[in-house]
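Reviewing the structure listed below.
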Amino acid sequence: MKRTTIKLSDDLAARVLHESERRGMTMSEWTREAIEAHLPGNSQRRLLAAGAGHSGEGGISERIHEILDRE
């Protein structure tokens, strides 16, 4: 594996850290997955993630403003 350095704004770095921790991943793992998901020729990987956020509740998209207001 090749080590690469990238520069992120403080806000973006904090968001990446938060999301990687939420998923139980390292920042490196999360960053690799995010980059790979956006590269051409990777449609199979995107399909594997389809439905990953399925809550089992119906109608969320119709009630999104109501839900966000409660948060």
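Counting begins at 1 with the first residue of the sequence. What you see is a predicted model; the values in this text were computed from it and never measured.
- The hydrophobic clustering, which links ILVMFWY residues whose side-chain heavy atoms are closer than 4.5 Å, places Ile6 and Met27 together.
- No donor-acceptor distance shorter than 3.5 angstrom exists from the side chain of Glu19 to the backbone of Val16, with no hydrogens or angles considered.
- Cluster annotation: Leu12 is connected to Trp30 through the hydrophobic network of ILVMFWY side chains, with a link wherever side-chain heavy atoms come within less than 4.5 Å.
- Placement of Leu8 and Leu17 within a single hydrophobic cluster is found when ILVMFWY residues are connected by side-chain heavy-atom separations under 4.5 Å, directly or transitively.
- Annotation: the span from His18 atom NE2 to Arg22 atom CZ amounts to 6.5 Å, rounded to 0.5 Å.
- Among residue pairs with one or both ends in residues 2-13, those qualifying as salt bridge (charged side-chain N to carboxylate O under 4.0 Å, His left out) are Asp11-Arg15; sequence neighbours excluded.
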